[in-house]
Protein chains: 4
Amino acid sequence: MFIELDLQSETPIYAQLVNQIVEGIASGALQPGDPLPSVRRLAEDLGINLHTVNKSYNLLKQEGFLQVHRKKGVIVQPDGMPGVTEAFEEKLRQQLRSLAAAAAVRGMSEEAFAQESRSVYRDTITNRGGEQR
Amino acid sequence: MFIELDLQSETPIYAQLVNQIVEGIASGALQPGDPLPSVRRLAEDLGINLHTVNKSYNLLKQEGFLQVHRKKGVIVQPDGMPGVTEAFEEKLRQQLRSLAAAAAVRGMSEEAFAQESRSVYRDTITNRGGEQR
Amino acid sequence: MFIELDLQSETPIYAQLVNQIVEGIASGALQPGDPLPSVRRLAEDLGINLHTVNKSYNLLKQEGFLQVHRKKGVIVQPDGMPGVTEAFEEKLRQQLRSLAAAAAVRGMSEEAFAQESRSVYRDTITNRGGEQR
Amino acid sequence: MFIELDLQSETPIYAQLVNQIVEGIASGALQPGDPLPSVRRLAEDLGINLHTVNKSYNLLKQEGFLQVHRKKGVIVQPDGMPGVTEAFEEKLRQQLRSLAAAAAVRGMSEEAFAQESRSVYRDTITNRGGEQR
DNA sequence: GTGGTCTAGACCACA
DNA sequence: GTGGTCTAGACCACA
């Protein structure tokens, strides 16, 4: 799995990193229990600051997607990912609402919007269950 | 149509305002040609800074959702909304990707995700063509 | 309410700060809705770095004790504090266990330990409901 | 008596080890004069680093809970445990203060907090004087 | 070596 | 002015 950052993007670097790691887990490129690079290592590889990586890791730890293991370092949550909580549902719906409204105003049909969602989801989980590293 | 701001939200006020106006247009609560409150008026009604409203209006004007008329003041774009541009498609897909990944990791199925998108879209356009606020 | 830090303590500065703010809320010195100093201001007052204060505020925000309000700045949670969750109970019990064991080994009786807890609790909430600022 | 470590915990392994040995003494599972496994042995059993066990043993020796014998190896203090010193009282109170404040803020009553303390104490010394692990 | 903590300093988005 | 983000650099606790 590789990570690509857009330093010009409006999306903060730490958020891009969070997104891409989550996408990595969704796609199966990162499996439960898999180790992640150390903050220092990843920071160097990406050419960004250690603290930025740290912030991303911490957010993912808080959400329950990563664990900090005293021997293995940072690993992908091995004990089951967090489920679809109320809070997540709410946040998801709120964000979809803005996207759907913008799409609708521009003339994208319900069908097209749902189809787009479905196809993006499918792309996301592509390799699921695939390569076992 | 009324606007509700959450001052505790992480989403900047100007962005909340943008979203809600777009949602108003999508739902039909705001029809093409409809006047919007003046910057000053809306700022006062919402108890927020004048510059904040200005920023939102400007963004919406740039995207082609609003027009600023010498005489009529700010109105909803009467000459046809912008369509589904390449840039919009790209941005939409990118944001859906993050949402889809988070949903997938938490165990939400493709079907559930697509259904959620569809249902949110439907809610969004509810009043379309219907009553004039 | 004032804050006193021990820079030589083993307890990290950010944690001392967190504890003292929580104690301030418990004692009533800080009331729901009360504003806290800005990170910069508090950092300067305490002679510590801005980021250290920021870390404390963020932790307290995550726990639901503080809110970041876009107009009022950082304020004490006005919408009801988080309650006694499972997670809190568990953490509390775990920490009490270590303290109780050390006390017991040193010959402190159950009565004395419980009494100590009670008296510390009482001290903590001293001014509750007292000064309304 | 057995020891269970949580490698994901924020509490350092050496501290967990210290706590559990103290709890073992408090419960009576470890009696004065009882031998403890050698550093090497315990490290191997627990699958942790030799230095970590060493650090724990040293701390416990300094506090007066363990003795290191030329011939008998490491044993539980046979000549009377240290009592409730000023320093201990102070540290205990300080830690209880943070716990009490957090409990109070979350709405736990004085009675509940004292009761929790009492019940945890009781659990801790359960097997006192009873069976020999 | 690795994560955690802290400082110093800077720029930007937001209101 | 205020919080958010990012960088650079340093020291320490831990294993």
Side-chain angles (χ1 to χ4, degrees), chain A residues 5 7 9-17 35-44 46-59 61 66-75, chain B residues 5 7-17 43 46-56, chain C residues 5 7 9-17 35-44 46-59 61 66-75, chain D residues 5 7-17 43 46-56:
Chain A
L5 299 177
L7 300 182
S9 165
E10 295 177 359
T11 310
I13 298 175
Y14 81 90
Q16 294 181 47
L17 193 46
L36 267 74
S38 76
V39 280
R40 281 172 176 72
R41 177 72 193 285
L42 186 53
E44 194 180 348
L46 297 175
I48 62 177
N49 190 279
L50 168 168
H51 288 116
T52 306
V53 177
N54 204 252
K55 179 164 190 173
S56 303
Y57 277 10
N58 269 320
L59 281 169
K61 185 173 69 176
L66 297 184
Q67 260 189 10
V68 176
H69 191 103
R70 292 201 168 266
K71 303 199 72 166
K72 299 180 197 158
V74 179
I75 60 175
Chain B
L5 300 176
L7 297 181
Q8 274 93 56
S9 167
E10 293 180 4
T11 309
I13 296 176
Y14 85 90
Q16 293 182 46
L17 194 46
L46 297 176
I48 62 178
N49 197 295
L50 202 138
H51 298 94
T52 306
V53 176
N54 213 268
K55 179 165 187 173
S56 303
Chain C
L5 299 177
L7 301 183
S9 165
E10 294 178 0
T11 311
I13 297 174
Y14 82 90
Q16 293 181 47
L17 194 46
L36 268 73
S38 77
V39 281
R40 281 171 177 73
R41 176 72 192 284
L42 186 53
E44 194 179 347
L46 297 175
I48 61 178
N49 192 279
L50 167 169
H51 288 116
T52 305
V53 176
N54 205 252
K55 179 164 188 174
S56 303
Y57 277 12
N58 269 320
L59 281 169
K61 186 174 68 175
L66 299 183
Q67 259 189 11
V68 176
H69 191 104
R70 290 201 169 268
K71 302 199 74 166
K72 299 181 199 158
V74 178
I75 59 175
Chain D
L5 300 176
L7 297 181
Q8 274 93 56
S9 166
E10 293 180 5
T11 310
I13 296 176
Y14 85 91
Q16 293 183 47
L17 195 44
L46 297 174
I48 62 179
N49 197 295
L50 202 139
H51 298 95
T52 306
V53 177
N54 213 268
K55 179 164 188 173
S56 303

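Scope of the values below: all heavy atoms of this structure, side chains included, with no hydrogens, waters or symmetry mates. Below, chains carry the letters A, B, ... as their sequence lines are ordered, and counting in each starts from 1.
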**Request:** Taking all non-hydrogen atoms of both residues into account, name the closest pair between C:Arg70 and B:Glu10 and its distance.
**Result:** NH2-O, 2.6 Å
**Pair assignment for E:dC14, Watson-Crick or G-U wobble, requiring both distances under 3.5 Å** = F:dG1
**Fill in**
If pairing means Watson-Crick or G-U wobble with both distances under 3.5 Å, then the partner of F:dT7 is E:dA8
**Prompt:** At their closest point, which heavy atom of B:Tyr14 faces which heavy atom of B:Thr52, and how far apart are they?
**Reply:** N-CG2, 3.8 Å
**Prompt:** With a 4.5 Å heavy-atom cut-off, do A:Ser56 and A:Gln16 have their side chains touching?
**Reply:** no
**Complete:** Result for 5'-nearest mapping on DNA chain E, choosing between A:Asn58 and C:Leu7, is A:Asn58
**Message:** Just the rounded figure in Å: distance from P of F:dG3 to CD of C:Gln67.
**Reply:** 14 Å
**Asked** Choosing from E:dC14, E:dG4, F:dG3, which nucleotide comes nearest the side chain of B:Pro12?
**Response** E:dC14
**Phosphate OP1/OP2 of E:dG4: any A:Lys61 side-chain N/O under 4.0 Å** = yes
**Prompt:** C:Leu17 versus C:Leu46: any side-chain heavy-atom pair under 4.5 Å?
**Reply:** yes
**Prompt:** Closest heavy-atom contact between C:Tyr57 and C:Val39?
**Reply:** CD2-CG1, 3.7 Å
**Message:** If I take atom CD1 in residue B:Ile13 and atom C1' in nucleotide E:dA13, what distance separates them, rounded to the nearest angstrom?
**Reply:** 13 Å
**Prompt:** Atom CG of C:Leu5 and atom C1' of E:dT7: how far apart are they, to the nearest Å?
**Reply:** 15 Å
**Asked** Taking CD from B:Gln8 and C1' from F:dG3, how many angstroms apart are they, rounded to a whole number?
**Response** 15 Å
**A:Ser38, nearest nucleotide to its side chain (from E:dC14, E:dT2, E:dT5)** = E:dT2
**Message:** Measuring to OP1 and OP2 of F:dT5, would you say a side-chain N or O of A:Tyr14 lies under 4.0 angstrom away?
**Reply:** yes
**Item:** Spatial distance of atom CD1 (A:Ile75) from atom CD (D:Gln8) [nearest 0.5 Å]
**Value:** 6.0 Å
**Prompt:** Relative to the 5' end of DNA chain E, which residue comes earlier, C:Ala15 or C:Lys71, by the nucleotide with the nearest heavy atom?
**Reply:** C:Ala15
**Request:** Round to a whole Å and report the spacing from CG of A:Leu42 to P of E:dT2.
**Result:** 12 Å
**Request:** Mind calculating the distance between CG (C:Leu66) and C1' (F:dG4) to the nearest angstrom?
**Result:** 17 Å
**Prompt:** Which pair of heavy atoms, one from C:Leu50 and one from C:Arg40, lies closest together, and at what distance?
**Reply:** CD1-CG, 3.8 Å
**Request:** Please state how far atom NZ in C:Lys72 lies from atom C1' in F:dT2, giving the value in whole angstrom units.
**Result:** 16 Å
**Request:** Please work out if A:Arg40 contacts a base, only the sugar-phosphate, or nothing of the nucleic acid, heavy-atom cut-off 4.0 Å.
**Result:** base
**Prompt:** Counting only non-hydrogen atoms, which of residues 46-56 of chain A are less than 4.0 Å from DNA chain F?
**Reply:** A:Ile48, A:Asn49, A:His51, A:Thr52, A:Lys55
**Asked** Can you check the A:His69 NE2 to F:dC14 P distance for me, whole Å?
**Response** 17 Å
